[in-house]
Engineer: 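Input: one structure, supplied below.
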Amino acid sequence: MKFENVTVTKKANVYFDGKCVSHNIELADGTAKSVGVILPATLTFNTGAPEIMELLEGECKVTLAGTTETVTYKGGESFSVPANCSFQIEVLEPVHYVCHFG
């Protein structure tokens, strides 16, 4: 899959000492997304806006803040995170993703 008519922020977002690297993109209609890779690690992310994490490849385990349930996701699957929340992600093999905001 590819996005048509996008603006890409050239400077990468580098988090957790390079374990997560992404680029922000903006579609022609103003929709914001990020596209990136998370390397094997256990990391905690915080959200401002609601997010849908679409996994293109890889495998991870996700635990949303305030829950004890850990769910495994693989390429071709996605999960949602509410606004102003956090989630822990344990990446078992490199995860290629698209983060859909809003």
Side-chain angles (χ1 to χ4, degrees):
M1 179 172 137
K2 65 181 183 175
F3 294 111
E4 302 284 343
N5 302 315
V6 299
T7 301
V8 177
T9 303
K10 289 196 266 185
K11 184 172 174 158
N13 304 306
V14 180
Y15 303 104
F16 304 106
D17 296 322
K19 291 180 179 72
C20 177
V21 178
S22 67
H23 286 273
N24 295 331
I25 65 172
E26 184 178 325
L27 303 181
D29 67 1
T31 303
K33 301 184 184 299
S34 67
V35 178
V37 174
I38 307 173
L39 299 176
T42 300
L43 310 170
T44 300
F45 287 89
N46 297 301
T47 65
E51 298 180 3
I52 297 172
M53 291 287 289
E54 175 188 1
L55 277 62
L56 304 173
E57 292 182 4
E59 183 176 356
C60 63
K61 294 180 180 181
V62 176
T63 307
L64 294 177
T67 70
T68 56
E69 179 184 15
T70 299
V71 180
T72 300
Y73 296 96
K74 296 181 180 183
E77 299 177 327
S78 62
F79 62 92
S80 297
V81 183
N84 303 311
C85 187
S86 65
F87 65 97
Q88 183 179 67
I89 184 168
E90 179 185 357
V91 177
L92 305 172
E93 58 184 61
V95 167
H96 299 244
Y97 69 90
V98 177
C99 181
H100 305 269
F101 299 105

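Just so it is clear, the structure is predicted and the values come from calculations on it, not from any experiment.
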Engineer: Write out all pairs satisfying side-chain hydrogen bond (donor to acceptor under 3.5 Å, both in side chains) with one or both partners inside residues 41-59, taking only residues at least two apart or from two chains.
Structural biologist: Glu54-His100
Engineer: Hey, what else clusters with Val71 if you join Ile, Leu, Val, Met, Phe, Trp, Tyr whenever side-chain heavy atoms sit under 4.5 Å?
Structural biologist: Tyr15, Phe16, Ile38, Leu43, Phe45, Met53, Leu55, Val62, Leu64, Tyr73, Phe79, Val81, Phe87, Ile89, Val91, Val95, Tyr97
Engineer: Indicate yes or no: at least one non-hydrogen side-chain atom of Pro94 is less than 4.5 angstrom from one of Pro40.
Structural biologist: yes
Engineer: Which pair of heavy atoms, one from Ile52 and one from Ser80, lies closest together, and at what distance?
Structural biologist: CG1-OG, 3.8 Å
Engineer: Taking side chain as C-beta onward, heavy atoms only, is Thr72 less than 4.5 Å from Lys61?
Structural biologist: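 Heavy-atom side-chain distance check passes, below 4.5 Å.
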Engineer: Quick check: is Val21 connected to Val8 through a chain of hydrophobic side chains (ILVMFWY, heavy atoms under 4.5 Å apart)?
Structural biologist: no
Engineer: Starting at CG of Leu27, measure out to NZ of Lys33 and round the result to the nearest 0.5 Å.
Structural biologist: 5.5 Å
Engineer: What I want to check is whether the side chains of Ser34 and Asn24 have a donor and an acceptor closer together than 3.5 Å.
Structural biologist: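 Note: Ser34 and Asn24 side chains miss the donor-acceptor criterion.
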Engineer: Given the rule in the side chain to side chain contact (heavy atoms under 4.5 Å, CB included) test, do Ile25 and Val35 qualify, once you have shown the distances and angles that lead to the verdict?
Structural biologist: CA-CA 7 Å; Ile25 65 172; Val35 178; 4.0 Å; yes
Engineer: Linking directly or through intermediates, with side-chain heavy atoms under 4.5 Å: list the remaining ILVMFWY members grouped with Leu39, chain and number order.
Structural biologist: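 Hydrophobic cluster check, Leu39: joined to Val37.
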